[in-house]
Amino acid sequence: MEQDLKAELQKHGVFTTTFEELYNWGRKNSVWPLTFGLACCAIEMIATTMARYDLARFGAEVFRASPRQADLIIVSGTVTKKMAPQVVRLYNQMPEPKYVIAMGACAISGGPFRDGYNVLKGIDRYIPVDVHIPGCPPRPEALIDAFMALQRKIAGQQLTGGARARHLKPETPSEYPVPEHGEHGLEPTLNAEVWNPLRVIQ
Amino acid sequence: MISSLKEMPREAGETGGMAGSGAGSQLLEVAMGPHHPSTHGVFRMDVQLEGERVVRLKPVFGYLHRNHEQIAEKTSYLGSMPYTDRLDYLCSMSNNWAYALTVEKLTGLQPPERAEYIRVIMAELTRVQNHAGLIGFLLQDMGASGTPLMYAFREREKILDLFEWVSGARMMCNYMRFGGVRVDLPEGWVEGALAFVERAPRFLDEYEGLLRNSEIVMARTQGVGLLPAELAVNAGVTGPMLRASGVNYDLRKVDRYGVYDRFSFRVPLGEKGDVYDRYMMRLLEMRESVSILAQALRDLPGGPILDPKSKLRGLRPKAGEVYGRIEAPKGELGFYLISDGSTNPYRYRVRPPSLINLTVLEDMCLDRSVADVVVILGSVDIVLGEVDR
Amino acid sequence: MTPEQIRSEIEAAIPGCSVEVAPNGAVPGQASLAVDRLHALEAAWFLRRHPGLLLDFCSNVAGVDWLDREISEKVKVRKLVDGVEQEAEETRKSKIPGRLEAVYHLFSIEKKQGPVILRVRTENRSDRVEIPSLTPVWRSAEFQEREIFDLYGIVFTGHPDLRRLLMWEGFTDHPMRKDYVPPPEDDGPQDPRGAVGKEAAAG
Amino acid sequence: MLGEGIVRGLAETARNFFGSFAEKERLTTVQFPEERRVPFEAARNFPFLVYDGDGKESGLRCVACLICEKECPPRCIHIDKSKDKKPDFVGKAQFYPAAFTIDVSVCMSCQICVEVCPFEAIKMDTAFELSTDDRFAGLLWGKDRLAKSNEHYHAIHPTEAAEVDERRGQEKAAAEAKAKPAAQPAEAR
């Protein structure tokens with residue numbers, strides 16, 4: 001249906017929708033995040049759910065403690081090498097469709113602690129990330145902004161056709177290999193399937 | 001403790017179904033964490049259970065070990081200041097102070113009077129918001145889901161507004177400098193802080209009335225997690241936890257750092273050292289903090305905010321070492337610095353109160369049930385950024 | 001009590017114990033007591049029970065890594081130059097062997113005083129790194145000594161539960177040592193100078 | 001009496017619930033995307049480069065002295081110094097940054113770059129709605145994204161910007177005054 005016609009009908013009190021839109025509308029307004037706090041950003045994540053910012057207004061009222069009941073993992077804080085396998089395992093245990101928000105500098109790239117021997121330089125080495133929020137820590141408003149960006153992404157996902165959402169493609173994995181603790185660090189140091197390194201083209 | 005428990009007479013079926021049918025002979029190993037809603041971050045406890053009773057508990061650390069000490073040994077003295085914010089990320093102002101105090105001891109810089117007062121104000125505001133948050137989390141662990149934490153964060157936001165007003169950031173203030181503070185209080189800030197201090201007793205009454213008399217809270221906290229005074233001292237427990245066991249040791253009174261000797265305040269003490277005492281300790285300390293805040297805001301002098309000898313870049317203290325400590329909301333926060341005369345410290349060590357307070361976790365939890373472990377851990381008040389650093 | 005007084009009291013009370021007063025060049029400049037490894041535990045018990053000190057609270061335990069250092073000093077010597085005795089400067093190089101060290105900051109809660117700084121040193125940095133654990137005296141050292149064992153590799157003999165504290169079991173390095181080199185990681189260019197735009201152009 | 005404490009606690013929550021209808025103070029929620037708190041003047045998030053006038057490239061105050069690059073604790077600033085020199089606001093020939101990159105995925109908003117900058121060239125911005133799905137293109141900011149006008153600086157930190165402008169005005173006046181007597185003896189000779 002054409003957008004103009006739809007808008008016109010809406011003015012007259014006739015609402016039309018496609019199955020895809022209805023389905024995505026439902027999904028985007030009931031994203032349940034995982035109660036998963038790692039470090040400083042987790043406090044801002046909690047602050048976002050509290051009275052002043054109230055993330056519940058966006059349908060994310062329920063923070064689930066079990067990954068089996070969660071749709072979204074907010075990686076909020078520094079992922080250390082000791083913790084990385086557990087984060088990947090939690091991600092693997094979440095049912096599809098699932099989304100990842102990398103909240104704060106540490107989760108994106110290791111942030112200020114990236115020179116540390118026990119700090120993972122970004123969670124996108126092991127699991128795919130949908131939205132990155134820079135900041136150290138990002139303000140609660142920034143998390144809400146990222147949450148809305150994720151909602152827009154969900155609303156725009158196609159259910160059929162070649163460009164359909166990641167979780168609907170049979171060839172994309174739902175689980176990723178869990179890194180192991182080696183003698184000097186994590187093995188492997190990254191998952192080449194997921195990670196896109198920065199290329200400098202001179 | 002473990003052996004005595006095994007000898008205890010046991011009724012049939014008391015070991016619970018999970019441990020199997022062999023009466024009391026089988027132990028169940030449970031790993032609580034690192035992803036667990038009640039561990040206040042990424043912290044793991046390897047608990048051995050006999051039925052519901054804890055017979056062994058070993059904390060496992062390091063899930064948030066961010067190598068703060070090593071990074072600090074590679075950056076300049078000033079460059080470590082924003083990293084100290086991220087130690088105990090609820091109390092960045094007091095961490096800043098502890099580090100600034102230590103470097104001042106090392107270099108001989110002297111903060112002016114106004115800066116000292118500002119530091120006291122910031123530290124006490126930090127203490128109020130930390131204790132309010134802690135009580136919220138503790139009550140949440142006991143099942144009072146939501147409401148106390150909501151109240152705590154409502155008040156915390158007001159304090160964070162004050163922090164943001166002066167330093168520009170909500171949590172990671174990076175506000176103190178060696179020999180003073182970074183910027184002066186903006187216009188209207190003191191009035192804003194006074195307005196908060198005036199309202200604070202009302203909030204504290206409300207917060208105390210909310211659950212203090214609740215029979216459930218009393219049943220869950222009184223007599224739980226007993227910590228005798230001798231053990232607390234020997235295990236290096238500090239802060240509200242030590243004072244809840246009845247030991248009168250508050251660095252604000254003992255070391256009299258800053259200008260704490262100019263304020264009149266009391267040091268609340270507990271009797272038994274159980275979870276209830278630790279819970280009440282926080283409530284009482286918040287009231288004392290509010291009284292210090294009122295005095296400091298009343299007496300706040302004018303003048304400069306930074307020692308004129310202090311310089312931002314290229315600080316090179318003389319070779320030597322120093323240990324500085326303050327009474328942070330969680331206990332004695334110390335910094336141990338060794339300088340070799342270069343621009344970065346040769347050795348930089350943080351004495352984390354949260355980590356050392358956990359030394360007695362096993363002693364407090366033995367012979368209690370799993371549900372009590374959660375409450376006892378909550379009453380210790382840990383922040384993983386500081387435990388693992 | 002000054003560090004010198006404490007030193008003489010320890011040496012009088014514990015036969016064979018040698019204590020060195022290590023100077024401190026910082027502004028407050030409190031000297032510390034370097035107790036020899038073999039008598040460290042006895043010295044610790046002595047300090048804790050000493051009626052004038054009553055150091056019942058061990059606040060901080062820190063590991064320190066001292067690398068092998070070469071110190072060059074300029075010394076004035078008299079030399080015969082062309083038959084005439086002259087004063088000349090000569091640089092002498094001396095080697096200070098590296099060692100690991102555990103530093104204990106002791107306070108007294110009873111007497112509200114402190115700190116007394118105690119240092120215990122290992123023989124070298126590689127194979128002889130045992131020092132006695134002071135956990136039997138102060139339990140607050142338990143986790144901190146484990147941390148030092150983990151990050152510096154000092155083996156505390158007599159520690160009730162000496163395992164790694166922060167890093168995982170199976171990790172073999174001691175990362176806080178000054179000569180620790182982290183394993184190479186493929187993390188692209190650390191320096192993304194001028195990469196903006198070009199990356200987008202590459203697709 | 002059993003249950004008394006619980007009733008008292010419930011009374012406390014009830015007072016808050018009903019009080020929120022009467023008291024504005026008890027209503028704390030900020031309906032974020034529609035309703036925004038007025039940002040504090042000191043608020044900071046990520047750095048930006050100030051330029052004077054209209055020239056986004058030519059008006060940059062930065063002279064590529066590399067102090068901020070060196071002092072940045074997490075080392076997220078990367079500068080390439082130019083080969084040639086350009087006159088700055090007082091007419092002195094200075095280098096300029098050929099490339100100036102800030103990796104905001106590393107930046108910890110500590111403001112140390114602002115404090116150490118002797119040229120008032122780098123300041124803190126207050127924008128925080130920066131979420132992106134692109135790890136590199138969205139978070140590696142080059143000169144074109146970092147450069148913001150002095151007017152923008154005035155809009156977000158008015159007091160501070162006014163002070164900076166005054167100081168720069170004095171500097172410029174002093175430089176002009178110095179240039180004049182230097183020119184006169186040369187004519188006399």
Side-chain angles (χ1 to χ4, degrees), chain B residues 71-72 74-76 78-83 85-86 139 144 146-148 150-151 153-155 157-158 161-175 177 182-183 185-189 195 199 202 205-219 312-314 343, chain D residues 1-17 19-20 23 25-30 37-47 65 67-68 70-76 107-118 123-126 128 156-160 163:
Chain B
I71 290 169
K74 290 177 181 168
T75 39
S76 65
L78 174 67
S80 296
M81 185 60 88
Y83 283 98
D85 290 337
R86 288 153 180 84
L139 294 172
T147 311
M150 286 272 184
Y151 285 17
F153 269 69
R154 187 186 65 199
E155 244 28 53
E157 289 291 342
K158 290 175 188 160
D161 279 352
L162 290 173
F163 287 167
E164 192 181 357
W165 196 350
V166 60
S167 76
R170 285 160 51 84
M171 278 170 75
M172 306 306 177
C173 304
N174 185 20
Y175 180 55
R177 288 289 174 268
R182 197 183 71 214
V183 286
L185 301 176
E187 212 175 302
W189 193 90
R199 280 194 315 256
R202 198 183 89 170
D205 288 341
E206 180 186 290
Y207 206 38
E208 206 174 316
L210 189 62
L211 280 169
R212 187 197 154 173
N213 299 311
S214 164
E215 288 78 6
I216 300 168
V217 171
M218 289 198 190
L312 206 56
R313 294 175 54 216
T343 52
Chain D
M1 195 187 84
L2 189 70
E4 191 191 337
I6 293 169
V7 172
R8 262 197 231 167
L10 283 172
E12 212 57 69
T13 45
R15 198 175 307 148
N16 258 295
F17 175 68
S20 67
E23 261 182 280
E25 201 204 310
R26 290 196 198 268
L27 278 176
T28 52
T29 308
V30 179
R37 294 173 55 76
V38 183
F40 290 105
E41 225 194 294
R44 57 178 148 103
N45 203 13
F46 290 121
C65 66
I67 288 177
C68 55
K70 215 177 124 209
E71 290 292 324
C72 175
R75 287 189 278 280
C76 67
C107 176
M108 64 203 243
S109 317
C110 64
Q111 212 183 15
I112 283 178
C113 52
V114 177
E115 282 171 69
V116 297
C117 180
K123 296 289 166 196
M124 295 308 271
D125 205 349
T126 50
F128 54 81
I156 55 174
H157 305 301
T159 334
E160 196 189 297
E163 280 168 23

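Chain naming here is simple, since letters A, B, ... match the order of the sequence lines and numbering starts at 1 in each. It should be emphasised that the depicted structure is a prediction, and the values quoted were computed from it without experimental measurement.
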### Query
Could you give the distance from CD (B/E208) to CZ (D/R8), rounded to the nearest 0.5 Å?
10.5 Å
### B/L78, part contacting chain D, at a heavy-atom distance under 4.5 Å
both
### Query
Where do D/R44 and B/N174 land on the side chain to side chain donor-acceptor pair (under 3.5 Å) test, with the steps shown first?
CA-CA 12 Å; D/R44 57 178 148 103; B/N174 185 20; over 6 Å; no
### Message
Before you tell me yes or no, could you show the steps for D/E160 and B/V183 under side chain to side chain contact (heavy atoms under 4.5 Å, CB included), namely the whole-Å CA-CA distance, both residues' side-chain angles and the distance that decides it to 0.1 Å?
### Response
CA-CA 12 Å; D/E160 196 189 297; B/V183 286; over 6 Å; no
### Proximity breakdown for D/P74 and chain B, heavy-atom pairs closer than 4.5 Å
both
### Query
Non-hydrogen atoms of chain D under 4.5 Å away: do they reach the side chain of B/D161, the backbone, both or neither?
both
### Task
Indicate the atoms forming the closest heavy-atom contact of D/P73 with B/G79, along with that distance.
CB-O, 3.6 Å
### Query
Most heavy-atom pairs under 4.5 angstrom with chain B, which of D/T13, D/T126, D/T159, D/N45?
D/T13
### Message
Checking D/E71 against B/R313 for the side chain to side chain contact (heavy atoms under 4.5 Å, CB included) test, could you report, in this order, the C-alpha distance in whole Å, the side-chain angles of both residues, the deciding distance, and whether it holds?
### Response
CA-CA 8 Å; D/E71 290 292 324; B/R313 294 175 54 216; 3.6 Å; yes
### Message
As an exercise, state the distance from CD of B/E157 to CZ of D/R37, rounded to the nearest 0.5 Å.
### Response
8.0 Å
### Message
Evaluate B/E206 against D/R15 for side chain to side chain contact (heavy atoms under 4.5 Å, CB included), listing each step before the verdict.
### Response
CA-CA 10 Å; B/E206 180 186 290; D/R15 198 175 307 148; 5.9 Å; no
### Heavy-atom contact with chain B under 4.5 Å, split by part of D/L10
neither
### Task
Give the member of B/R202, B/M81, B/M172 that has the highest number of heavy-atom pairs under 4.5 Å with chain D.
B/R202
### Query
In terms of heavy-atom proximity below 4.5 Å to chain D, should B/L312 be classed as side chain, backbone, both, or neither?
side chain
### Query
Under 4.0 Å between a Lys/Arg side-chain N and an Asp/Glu carboxylate O for D/E23 and B/R199?
no
### Task
Flag yes if more than 12 heavy atoms outside B/I216 fall under 6.0 Å of its CD1 atom; otherwise flag no.
no
### Message
What part of D/E115 gets within 4.5 angstrom of chain B, counting heavy atoms only: side chain, backbone, both, or neither?
### Response
both
#### Entry: D/T28 portion near chain B, given a 4.5 angstrom heavy-atom threshold
side chain
### Query
So, the side chain of D/E12 versus the backbone of B/Y207: is there a donor-acceptor pair under 3.5 Å, distance only?
no
### Query
If you round to the nearest 0.5 Å, how far is CG of D/N16 from CZ of B/R154?
5.0 Å
### Message
I need the B/R86 CZ to D/C110 SG distance, nearest 0.5 Å.
### Response
7.5 Å
### Query
With a 4.5 angstrom heavy-atom cut-off, which part of B/V166 approaches chain D: side chain, backbone, both or neither?
backbone
### Message
Taking side chain as everything from C-beta outward and backbone as N, CA, C, O, which of these in B/R182 sits under 4.5 Å from a heavy atom of chain D? Side chain, backbone, both or neither.
### Response
side chain
